[in-house]
Amino acid sequence: MARVAAAHIAAMQSHRDLDTWQVSRETALTVHQFAERSWTPARSSLFDQVRRAALSVPLNIAEGYASGIGARCRYHLRIAHASAVETSEILEFLKDLGVESEGLIALSKRTQSLTYRLWLKSR
């Protein structure tokens, strides 16, 4: 399985060719815009954290891709997935506080699923 993933990654020109990176970047941009629109002083720490978590996903995918095939790449893909989970959890928490984020939660969960599959393929 690792050979299949290695061949797939080697055939790509850039991390930007990965569907997972594209969706995660869209998620990070959307989360950032959402945080700008919805920010309040009382929830500033949540919005700051969700921005960082969402941005961590495409950045770790890029760093993993740049690291080449192997353990270092898998490490960054695992972090990307963990950050996607964190993003979804914070958005769910904000929803529970009454902040409308339903469409964004679905996008974040899609990113979560894609990062998990990419990580599994890298093993």
Taking atom [atom1] of [X] and atom [atom2] of [Y], what is their separation to the nearest 0.5 Å?
{"X": "L120", "Y": "L77", "atom1": "CG", "atom2": "CG", "value": "10.5 Å"}
{"X": "W39", "Y": "R43", "atom1": "CH2", "atom2": "CZ", "value": "12.0 Å"}
{"X": "Y65", "Y": "C73", "atom1": "OH", "atom2": "SG", "value": "9.5 Å"}
{"X": "W21", "Y": "I61", "atom1": "CH2", "atom2": "CD1", "value": "9.0 Å"}
{"X": "E26", "Y": "T30", "atom1": "CD", "atom2": "OG1", "value": "5.0 Å"}
{"X": "S38", "Y": "L104", "atom1": "OG", "atom2": "CG", "value": "9.0 Å"}

Can you find a pair of side-chain heavy atoms, one from [X] and one from [Y], that are under 4.5 Å apart?
{"X": "L18", "Y": "Q22", "value": "no"}
{"X": "V23", "Y": "L107", "value": "yes"}
{"X": "S56", "Y": "I79", "value": "yes"}
{"X": "R52", "Y": "L55", "value": "no"}
{"X": "V85", "Y": "S88", "value": "no"}

(request) Go through the structure and list residues passing side chain to side chain contact (heavy atoms under 4.5 Å, CB included) with R72, not counting sequence neighbours. (result)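 Residues passing side chain to side chain contact (heavy atoms under 4.5 Å, CB included) with R72: E63, S67, Y75, H76.
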(request) Could you pull out all residues at least two apart from A53 that satisfy side chain to side chain contact (heavy atoms under 4.5 Å, CB included)? (result)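 In terms of side chain to side chain contact (heavy atoms under 4.5 Å, CB included), with neighbours along the sequence ignored, A53 is linked to E86, T87.
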(request) Kindly give the heavy-atom pair with the smallest separation between P58 and A54, and that separation in Å. (result)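 Heavy atoms only, the tightest pair is CD-O, 3.1 Å.
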(message) Under 6.0 Å from the ring centre and within 45 degrees of the ring axis: does the NZ or CZ of R117 meet both conditions for the six-membered ring of W119?
(response)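 Geometry flag: not set, cation outside 6.0 Å or 45°.
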Review item, side-chain donor-acceptor pairs of residues 91-100, under 3.5 Å, at least two apart:
| unit_1 | atom_1 | unit_2 | atom_2 | d |
| --- | --- | --- | --- | --- |
| K95 | NZ | E102 | OE1 | 3.4 |
| E100 | OE2 | E102 | N | 3.1 |

Donor-acceptor check, side chain of [X] to backbone of [Y], threshold 3.5 angstrom: yes or no?
{"X": "Q112", "Y": "H81", "result": "no"}
{"X": "N60", "Y": "V57", "result": "no"}
{"X": "S108", "Y": "I105", "result": "no"}

(message) Same cluster or not: Y116 versus L118, using hydrophobic residues (I, L, V, M, F, W, Y) connected whenever any side-chain heavy atoms lie under 4.5 Å apart?
(response)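 Looking at the clustering, L118 is in the same group as Y116.
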(message) Can a side-chain donor-acceptor contact be found between T111 and T27 if the only test is distance below 3.5 angstrom?
(response)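 Short answer, yes.
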(request) Please say whether more than 12 non-hydrogen atoms of neighbouring residues, nucleotides or ligands are located less than 6.0 Å from CZ in R110. (result)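 No - once you tally the heavy atoms of other residues, nucleotides and ligands closer than 6.0 Å, there are 12 at most.
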